[in-house]
Amino acid sequence: MSYIPNLPSTAEMQQMDAAHHLHPFTDGGSLKDKGVRVMTAADGIFVTDSDGNRLLDGMAGLWCVNVGYGRTEIAEAAARQMMQLPYYNTFFQTSHPPAIALAEKLAELAPGTLNSTFFTGSGSESADTIIRLVRHYWTSLGKPTKSGVISRKNAYHGSTIGGASLGGMSAMHEQGGLPIPGITHIDQPYWYAEGGSSEPDRFGLECARALEQEIDRLGEDNVAAFMAEPIQGAGGVIVPPETYWPEIVRICKARNILLVADEVICGFGRTGNWFGSNTYGFEPDVMSIAKGLSSGYLPIGGVMVSDRVAQVLNEKGGEFAHGYTYSGHPASCAAALENLRIMQDENIVDRVGETTAPYLEKHWKELGDHPLVGEARIMGMMGAIEMTPDKAKRAGFDGHEGEVGLICREHCLANGIILRCVRDCMIMSPPLVISLGEIDQMIDLTRKSLDQTLEDVQSNGWLTH
Ligand SMILES: *Cc1c(COP(=O)(O)O)cnc(C)c1O
């Protein structure tokens, strides 16, 4: 069923789309020949396209549809709210019941003393909010020079000027002269690609200590915060060595800078706990949330802060001259509340942590034995497969970087599964409600696609061992 009556043909829609629609992260010039894939419906963990193909959504949309598709309760909650009060703002000393209830619910779910939320419309807006908020925090404490923000190479924090600057994607920085001043990047804890012959634990410590060196280079009095994803998502599901986070936490405390966790992907059950910070056993001062907060049913994000930060903002900060028309949009808050109710009533986070993620982990790691796979890594319900021409050397496909990833992605789609490729790495992040049987299906389709990719790689003569 489509909400557009008398849907045009796929070819017609592709033509109209190519003529009038500018897409995010897409080479627009190629659309005239290739055409977009038009999604028309979804249910559970499957999406259907305009040609009637049913695809297992191994990415949960864009890492967000945690409770799966087809949850009419969320649609009804948003519709009820839109009939009651479709819009009001949260500026100038006003509020409304859904924003109040959601802020309270988030305080209940978030780690430690993270009890206050500034609402935004997205993860990118949260990143921009964080830059302004951490600077405002230190200025309110009489330390206006503490304004620098340190983040990491190959991080993803969004696409606005602030978000893309905080992010460490060089291809994004090249478009439009980013990053903005005051933001610097340290190396990522990406052992597979950058660890060389170092043991992972040792490498993790070295990467964390790069933060200490960067703070010392800039001067502690000039640094406001360090921001990082507990596990890098868009960068390629980069699971840091065990030693990494404890050392980062130690350094942030010792050097008196705020620790900001970007939980936009890791939050809301993705790693088998409510937040990635829970999984790594630390309590950030500031946390960015979006995506799984509403399972993508309506746009909403937020910045959560600890009591220590909230107290300074409230008692010393005066008016924070910052806000979005849709900060705490009533329908989005209602959808998020219903999404969180489902997650709690259905015990989704516990089920992931205790049952489905361990099962997926066992089978995902078995893919590591495939001749094309250099590493299969996973944490909770997010994972990656590094493809390589030489397992022992963790080598790249010299001269063909990125091509094997695209080949594999096409095989995946033809086989009925959506996985994303980053470089020559396949990544997955399925809806958290995936069943054990569906996990088997996901593994089978992934293995089949890897076999076909291997055949292509062999016939292209790209294997080097
Ligand atoms: C998607 C993402 C963002 C940006 O969120 P948008 O809602 O797309 O603006 C920020 N941080 C991380 C870790 C993300 O994955």
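Order of appearance sets the numbers: ligands from 1, and atoms from 1 within every ligand. We're numbering straight along the sequence, starting at 1.
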- Item | Test log, rule salt bridge (charged side-chain N to carboxylate O under 4.0 Å, His left out), inputs D285 and R308 | CA-CA 8 Å; D285 300 295; R308 171 169 77 112; 3.1 Å; yes
- Donor on one side chain, acceptor on other, N339 and S294, under 3.5 Å: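 There is no such pair (donor and acceptor under 3.5 Å, judged by atom type) between the side chains of N339 and S294.
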- Task: Can you label the angle between the Y324 ring and the H322 ring as parallel, tilted or perpendicular, going by 30° and 60°?
- Result: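 Y324 and H322: perpendicular rings.
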- Query: At their closest point, which heavy atom of E438 faces which heavy atom of L56, and how far apart are they?
  - Reply: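 Between these two residues, the closest heavy atoms are O-CD1, 4.0 Å.
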- Message: Check this for me: M82, atom CE, are more than 12 non-hydrogen atoms of other residues, nucleotides or ligands nearer than 6.0 Å?
- Response: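 No.
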- Side chain proximity check, W364 to T446, heavy atoms < 4.5 angstrom: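 Counting from C-beta outward, W364 and T446 do come under 4.5 Å.
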- Task: Kindly tell me which protein residues have any non-hydrogen atom under 4.0 angstrom away from an atom of ligand 1, grouped by chain and ordered by number?
- Result: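 If the criterion is a heavy atom under 4.0 Å, then ligand 1 touches S122, G123, S124, Y156, H157, G158, E229, D262, V264, I265, K291.
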